[in-house]
Amino acid sequence: MTRVGAASVLAAVMLLIPACKKENKETPAGSTATTGAATGTAGAEKKPAGGKIALLLPESKTARYESHDRPHFERKVKELCGQCEVIYSNADQDASKQQSQAEAALTNGAQVLVLDPVDSASAAAIVTRAKQAKIPVISYDRLITGADVDYYISFDNEQVGKLQGMALVDKLKADGKTGGTIVVINGAPTDNNAKLFKNGAHSVIDGSGLKIGAEYDTPDWSPDKAQQEMEQAITAIGKDKIAGVYCANDGTAGGAIAAMKAAGVKPLPPVTGQDAELAGIQRIIAGEQFMTIYKAIKPEAETAAELAVALAHGQPAPAGKVNAKVNNTQKDVPSILLTPVAVTKDNVKSTVIADGFWKADEICSSSYQDACKAAQLQ
Ligand code: BGC
């Protein structure tokens with residue numbers, strides 16, 4: 001009788017062991033302490049097996065969010081916690097829409113918010129709301145300023161701007177255009193990252209001898225607005241007098257290149273970008289865009305997912321991940337910062353393709369086949 005009783009208790013306990021226990025087995029070997037008992041079953045036993053995790057992304061005109069951030073995040077959450085649910089929203093560049101989406105997620109029982117803010121400053125109101133409900137907030141990719149956020153995960157964004165600036169300055173030097181006039185197209189002024197990219201770029205461009213003939217901050221990071229800005233710059237500077245174009249990301253680079261092609265700028269001057277988005281890489285292979293920045297979004301999204309699953313279950317962050325502190329004017333936020341890489345035609349293969357970000361077949365679709373052969377991608 002006692003043995004039967006014990007067996008049924010054991011069976012019941014087995015059934016009750018949270019699905020998220022799996023997390024301990026599957027944490028990458030690199031992060032040793034993550035597998036320790038401190039983050040393991042002791043904490044998980046007190047919590048329900050599932051959990052609701054809100055992922056709030058800022059926009060969809062930039063390709064990365066739907067093509068990389070969201071799928072990698074959702075897949076990793078499922079892998080770590082089969083019964084967890086991701087409440088996903090995209091704000092389409094509308095800060096008040098994002099506020100409503102965050103409130104809806106909280107009402108819906110989200111146990112953690114992973115928030116990539118449309119507006120780095122006004123998103124502090126979302127954090128205040130979450131904190132009233134004792135819900136932790138992870139600032140994803142963009143820093144939420146002036147707020148009590150729990151963690152920040154991103155790249156070294158000032159370094160992104162420096163790499164872009166250096167690539168442009170070095171290329172123009174190599175082409176003998178040291179004193180040329182360039183156009184500078186920055187990102188959205190409401191995005192803290194855009195400020196960091198801009199600071200990083202200026203730290204290299206200012207003092208390089210290049211002249212800035214026109215400079216814009218691009219509301220909403222909109223490629224269409226970047227195109228209009230470039231049209232204005234062409235009118236102001238003259239279509240044959242532009243030595244290079246600094247664009248903060250591939251979306252704005254696409255807009256600027258479209259404006260130059262429409263105005264008959266030939267040959268196209270070197271243009272920078274960021275995100276290694278498919279269209280950007282294809283333009284690089286075809287010789288229309290000079291460079292982009294590859295940010296490995298998979299580890300960014302997956303680490304955010306690991307952190308979110310832990311926080312949703314009241315556990316501490318996986319050990320060995322936090323590698324920086326970033327001040328957001330309210331506090332030093334424990335941060336995980338990843339390293340950006342500059343990509344030109346020469347290293348597409350050893351970076352984005354080698355890392356599985358894009359397959360050669362995806363890049364080399366019909367109209368890019370010749371360019372791909374010339375670049376020895378296929
Ligand atoms: C991201 C970039 C992205 C841009 C526009 C920035 O905060 O870091 O990767 O291109 O926003 O969405």
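Values reported hereafter were calculated over all heavy atoms of this structure, with side chains retained and with hydrogens, waters and symmetry mates removed. Both ligands and their constituent atoms are indexed starting at 1 by order of listing.
For ligand 1, the polar-atom distance check against D191 finds a nitrogen or oxygen pair separated by under 3.5 Å.
Using a 4.0 Å cut-off between a side-chain N of Lys or Arg and a carboxylate O of Asp or Glu, K198 and D217 qualify as a salt bridge. At a threshold of 4.0 Å, the pair R70-E74 counts as salt-bridged, since one of the basic side-chain nitrogens sits closer than that to a carboxylate oxygen.
No hydrogens or angles considered: nothing links the side chains of D148 and Q330 as a donor-acceptor pair under 3.5 Å.
Put simply, the side chain of F357 does not reach to within 4.5 Å of the side chain of T351, judged on heavy atoms.
Within the structure, the salt bridge (charged side-chain N to carboxylate O under 4.0 Å, His left out) test picks out the following pairs touching residues 133-142 (sequence neighbours left out): R64-D141, D116-R142, R142-D191.
No part of Y140 comes within 4.0 Å of ligand 1, judged by heavy-atom distances. If you look at F155 next to ligand 1, there are no close heavy atoms at all, none under 4.0 Å. Of all the heavy atoms of D141, the ones lying under 4.0 Å from any atom of ligand 1 belong exclusively to the side chain.
Here is the list of ligand 1 atoms found below 4.0 Å of a heavy atom in F197: 8 (O). When each atom of ligand 1 is checked for a heavy atom of K295 under 4.0 Å away, the hits are 1 (C), 2 (C), 8 (O), 9 (O).
For atom 4 (C) of ligand 1, the nearest protein heavy atom (residue, atom name, distance) is W221 CE2, 3.5 Å. Here the heavy atom of the protein found nearest to atom 10 (O) of ligand 1 is D275 OD2, 2.6 Å. Nearest protein heavy-atom neighbour of atom 11 (O) of ligand 1: R142 NH2, 2.9 Å. With hydrogens left out, the protein atom closest to atom 5 (C) of ligand 1 is E59 OE2, 3.2 Å, a heavy atom.
Considering Y294, W358, F73 in turn, W358 is the only one that fulfils the ring pair (Phe, Tyr, Trp, His ring centres under 6.0 Å) rule with H68.
Residues that satisfy the salt bridge (Lys or Arg N to Asp or Glu O under 4.0 Å) test with E229, not counting sequence neighbours, are absent from this structure.
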